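A short worksheet on the structure shown next.
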Amino acid sequence: MKAHLITYGCQMNEYDTHLVQSQLVSFGADIVDSVDEADFVLINTCAVRGKPVDKVRSVLGDLRKQKQKRPLVVGMMGCLAQLEEGQQIARKFEVDVLLGPGSLLDIGQALESNERFWGLQFKDELHGHIPPPPAGRLQAHLTIMRGCDHHCTYCIVPTTRGPQVSRSPDDILRELDLQLAAGVQEVTLLGQNVNAYGVDGGARLAGYPSFADLLRLVGQSGVRRVKFTTSHPMNFTEDVAAAMAETPAVCEFVHLPVQSGSNRVLRRMAREYTREKYLEHIAQIRRHMPHAVLATDIIVGFPGETEEDFADTLSLYDAVGYDSAYMFIYSARPGTPSYKHFQDLPREVKTERLQRLIARQKEWSNRKNAEKVGTVQEVLLRGDAHESGFLEGHTRGNHPTVVPKAVGADGAGIVQVRIEHATPHMMYGRILGEGGQPLPELPRFTPESSALSSPLQMA
Ligand code: SAH
Ligand code: SF4
Ligand code: F3S
C-alpha cells in the first residue's frame, strides 16, 4: 500500500497523524509525498472554525473525482470525523474510512474491512499506545492528555475529542525515553488544557503528579528543551510558573489564551476567569521569569461584543505586551452553545476589528523582537532555510530565527546566536562559538548579486 496523509488543525492533530502513520508503516505501507502516487489518502481534519471544514470539503471533492478514474481508498480522521457534520460530508464524498480522534488504533481493522468502516468510539487503549519517535528530527510532540472538560460556549473541541483523559506519567516518560534515544532535543507536551493534567472530571487521579511536578519530572529526563501547549488560565497555578523557573530545560515561553479582554465577553464565553485574574497570572509568570515570552489566542467579534468590549481587548494587549498572538474571527460552530443562543455579528464588523488587533499586535511584536537585538539566544536549528546558505530554527521563546551557515555549524542542532536584526515575524543573527565570538561564515553565492553576500543583506 502507498499511503499519503494530509493534516489540518493543531499540534494534537500533527501528533495523531504521526501516530497513525507509524501504524501504517508497521503494516508495511510506504508513505508517499503526493496524492498522485498514493492508493490510500487519509485526511486528518479540524472542526474548530468554518474554514478548515471548507478546506476538507474541497479536498474530498478532488479525491472523489480521482476515485472515478483509478482505484483509491479515501479516509478521514480527527475532529471533524467525530461530528454529525463530518459524517454527512463523508457520505456525500464517498469516504471509505472514518476514524474519530478516539478510534485511531482501529486503522488496521478499517483497512482490512472490505466495506465502509466508521470508528467513532473513545477507546482507552489509545492512552497506553506509544508511537515510535519521529525519525531524524530534533523536535517531537508528546500528548499528555486527550479531550477537554471545559465548556467554552464557542468551542466544538469537547464534542470532537470528548472529556479529558490524562495519560499515565509512566507512559509519558516511556515515550519521552524513546524520543531521547532517537536524538530528540526539544519536546512539546500537548493537551487542550495541560494545567489540568491529572485532574480528570474534577478529581485528582491517584499516582498522577500535578502539571507543575510533571514539568519537573520531564525536565530531569535529560531533554534539552521542554515546551507545552495549551494552558487554560482557569487552571494555571503559580506552582507552574515556579516549576518553569527552577527547571532549566523548561523554556520560559507561555502560551496563555485569553480570548477576550472584556469581563462581559469572558462571562458569555464561560471562560471562568476575569481579566483581573488573568493579569494576576501574567504578573506571577513575570515575577518568576522576568524575561518570559508570552503568547495568546484571541477571538474577535464574539456574539454581542461591543466596541467597548473590543476596546478592553486592545487595552489588555497593552497591559500584557504579547510577543505573539493567534487572532481569530469568531466562527459560529453548529453544536456549540453560542451557535444556538447568540446572534453572530456582521462579517464587516468582525473583519474590521481583526485588522485593528493585528495592527496592534504587530507593534508589540516589533517592539518585543527589537528588544532582542544584541542579546544571545539559544536556537534550535532545524536545517536549511529558504535562502541558500542560511539555516532556520527557533529560540526558546519560539521566535523563528535565520542564521548564515558557519564553519562547524552547517546543519541541524542547538546553537547560541547573537541577534543582529529583527522584524515582527523573524529574527536574524550569527552563530557564536565557544568563546562567544561569531563563528566564521561559510561562503555564499547568490544569483542576484553574482557575488558573495553579507549576512544582513537578506534581512
Ligand atoms: N484548548 C485550547 C484551545 C483549543 S482551540 C485553549 O483553551 O486554550 C484553539 C483556539 O481556537 C482557541 O484558543 C480559540 O482562540 C480558537 N477558537 C476556538 N473555537 C473558535 C471559534 N468557534 N471561532 C473562532 N476561534 C475559535
Ligand atoms: Fe475549547 Fe475551552 Fe476546551 Fe480550550 S478549554 S478546548 S477553548 S472548550
Ligand atoms: Fe482542530 Fe481538533 Fe485541534 S478541532 S484545533 S484539530 S483539537
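In listed order, ligands and their atoms are each counted from 1. Everything quoted here is computed from the prediction, not taken from an experiment. All values below were derived from every heavy atom in this structure, side-chain atoms included, with hydrogens, water molecules and symmetry-related copies excluded.
For Phe27, the CZ atom counts as densely surrounded, since its 6.0 Å shell holds more than 12 non-hydrogen atoms of other residues, nucleotides or ligands. Heavy atoms from other residues, nucleotides or ligands lying under 6.0 Å from NZ of Lys362 number 12 at most. Shown here is Glu308, whose CD atom has no more than 12 heavy atoms of other residues, nucleotides or ligands within 6.0 Å. Counting heavy-atom neighbours within 6.0 Å of Tyr339 OH, excluding the residue itself, gives a total of 12 or less.
Here atom 1 (Fe) of ligand 3 has protein N, O or S atoms under 2.8 Å from it, and they come to 1.
Each of the following atoms of ligand 3 lies closer than 4.0 Å to a heavy atom of Arg161: 2 (Fe), 7 (S). Interface atoms of ligand 3 facing Gln192, defined by a heavy-atom separation under 4.0 Å, are 7 (S).
Look at Lys67 and Asp62 and you find no salt bridge, because none of the NZ, NE, NH1 or NH2 atoms lies under 4.0 Å from a carboxylate O. Between Arg174 and Asp177, no side-chain nitrogen of the basic residue sits less than 4.0 Å from a carboxylate oxygen of the acidic one, so the salt-bridge criterion is not met. Salt-bridge annotation for Arg264 and Asp312: absent, with no side-chain N of the basic residue lying under 4.0 Å from a carboxylate O of the acidic one. Using a cut-off of 4.0 Å between Lys/Arg side-chain N and Asp/Glu carboxylate O, Glu37 and Lys2 are scored as not salt-bridged.
Considering CG of Leu104 and CG of Leu126, their distance stands at 5.5 Å, rounded to 0.5 Å.
Side chains of His150 and Asn193: a donor on one and an acceptor on the other come within 3.5 Å. In this model, a donor atom of one side chain and an acceptor atom of the other lie less than 3.5 Å apart for His255 and Asp297.
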* Asked: Taking it one step at a time, do Gln192 and His232 satisfy side-chain hydrogen bond (donor to acceptor under 3.5 Å, both in side chains)?
  -> CA-CA 8 Å; Gln192 289 303 342; His232 190 299; over 6 Å; no
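For Arg356 and Phe310, the positive end is not near the middle of the six-membered ring at less than 6.0 Å and at most 45° from its axis.
Phe211 meets the ring-ring contact (aromatic ring centres under 6.0 Å, His included) test with Phe228; sequence neighbours excluded.
Near ligand 1, heavy-atom contacts under 4.0 Å come from Val48, Arg49, Tyr154, Gln192, Thr230, Pro257, Gln259, Arg271, Asp297, Ile299, Phe328, Ile329, Tyr330, Ser331, Arg333. Residue-level contacts of ligand 2 at the 4.0 Å heavy-atom threshold are Cys148, His150, Cys152, Tyr154, Cys155, Val157, Pro158, Gln192, His232, Arg271.
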